Amino acid sequence: MIALVRGIWLLNSEWIQLNMDISDILKGDLELFEVSGAPIKGIPKKARESAQNWVKLIYIIQLFVM
């Protein structure tokens with residue numbers, strides 16, 4: 001639940017196995033391994049994207065305030 005609120009990536013166990021096999025997995029598309037969410041599909045992705053948008057908005061606001 002805390003990960004959803006913070007917008008942190010929630011990845012399934014396939015990513016963990018692949019990460020062990022490939023050292024530069026972070027250069028790949030993490031969305032392939034993001035959990036879909038339960039009971040409502042897509043909630044982890046929406047939470048992560050929302051958090052990323054807030055970070056961008058805060059950065060833009062800081063530019064105007066300075």
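Just so it is clear, the values below take in all heavy atoms, side chains as well, and ignore hydrogens, waters and symmetry mates. The shown structure was predicted, so the numbers you read here are calculated from the model rather than taken from an experiment.
- For Ser36 against Pro44, the heavy-atom pair with the smallest separation is O-CD, 3.6 Å.
- Of all heavy-atom pairs spanning Ile40 and Ile43, the tightest one is O-CG1, 3.3 Å.
- Val35 and Asn12 get closest at one heavy-atom pair: CG1-N, 3.8 Å.
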